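What you see is a predicted model, and the numbers here were worked out from it, not measured in a lab.
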Amino acid sequence: MRMRNKKNLIPRMERCAAVQVFQPEELRGQWAGLLPGCREVRAEMGCGKGRFTAATAQAAPEALLVALEKVPNAMVTAMERVCAEKIENVRFIDTDVLNVPAIFAPGEVSVIYINFPDPWPRKKEAKHRLTAPKFLAMYWDILPVGGRIEYKTDQAWLFDWSLEQFAFMGYELEEATHDLHQNGPTGVMTDYEQRFYEQGVPICRCVAYKREDRPATPVPEKKPAPEAP
C-alpha cells in the first residue's frame, strides 16, 4: 500500500534542506569531504523514519552516514529527527538503491546497513530483494576489502535465502543469528524493530565481509528463488 503524503511535506523537507543532498552524483568519490575529520563513509539502504540512522550516527561521530530513502514521506521524519537532535554527520538522499553505482566510487563505503527491507515474497519478485545477487554485486564494488554489510530482517525465510546469496557472491559471513534479542535488546533498533521486539517477533541479523579484491561472482541467468511460506 502506498504511503499517503504527509501534511506540508514539501515545506517540512525544505526546512531540513541542510541535511539533504540533491545532486549526489557530484559527490561520488568525495563524500568524506562533507565531514571534517571524517574517518569513513557509511551508507544505509533505506532509512525509513530514521531512528536507527540518528542513533548510529551519534555513536560514531567520526563517520559520515549517507542515508538513502526513496519514500519522501518516511525520509522527512528521519530528516526532522536528525535536525532536531543537531546531528552533524548524516546526509539524506531521495533515491532508489539501484542508483548506488552512480553515487559512490569503488571502495568508498566502509559499512552498508540494510534494515528490514521489503521482502518481495513472490518468486518472480526475488530480483528486487536488496540481498539479491545484482544488489550484492553493486555493494561489492563500493566496499573496500574488509568492508562489511550489516543486515537485519524479521523474515526468517528471507534471511536464510539471503545467507545463501551472500555466500554465493563471495562474501564471508562472520556473524549470523535468527534471534538477535534473545537475551535482551542488542544494538541500535529501528522503529520497526522496536515494535517487533515488543511483540516477541525474533529478529535475524548477519554481518558479511568483503575479503578479496576481485570482482563479485557473476550473476547466473537463472537461480531458484523461494517464496515466503
Open item on the list: Closer than 4.0 angstrom, basic N to acidic O: yes or no for Arg211 and Glu174?
Closed with: yes
TODO: Could you tell me whether Arg129 sits above the aromatic face of Trp161, with NZ or CZ closer than 6.0 angstrom to the six-membered ring centre and within 45 degrees of the axis?
DONE: yes
Open item on the list: Between Arg148 and Glu150, does any side-chain N to carboxylate O distance fall below 4.0 Å?
Closed with: yes
Open item on the list: Salt bridge or not between Lys123 and Glu125? Use side-chain N to carboxylate O under 4.0 Å.
Closed with: no
Task: Asp191 with Lys49: basic N within carboxylate O range, under 4.0 Å - done: no
Open item on the list: As an exercise, state the distance from CD1 of Ile103 to CD of Glu26, rounded to the nearest 0.5 Å.
Closed with: 12.5 Å
TODO: Inspect the contact between Arg205 and Asp154 and indicate whether a charged nitrogen and a carboxylate oxygen are less than 4.0 angstrom apart.
DONE: no
TODO: Taking the six-membered ring for Trp and the full ring for Phe, Tyr or His, determine whether the centres of Tyr171 and Tyr209 are under 6.0 Å apart.
DONE: no
- [ ] Answer yes or no: is there a donor N or O on one side and an acceptor on the other, between the side chain of Trp140 and the main chain of Arg214, under 3.5 Å?
- [x] yes
Task: Distance-only side-chain donor-acceptor flag, Arg51 / Gln194, under 3.5 Å - done: yes
Task: Thr131 versus Gln165, side-chain donor and acceptor atoms under 3.5 Å - done: no
Task: pair Val19-Val90: side-chain heavy atoms closer than 4.5 Å - done: no
Open item on the list: Name the residue from Phe196, Phe159, Tyr151, Phe52 that meets the ring pair (Phe, Tyr, Trp, His ring centres under 6.0 Å) definition with Phe116.
Closed with: Phe196
Task: Polar side-chain atom of Glu172 near backbone of Lys210 as donor-acceptor pair, under 3.5 Å - done: no
Open item on the list: As an exercise, state the distance from CD of Glu44 to CG of Asn115, rounded to the nearest 0.5 Å.
Closed with: 5.5 Å
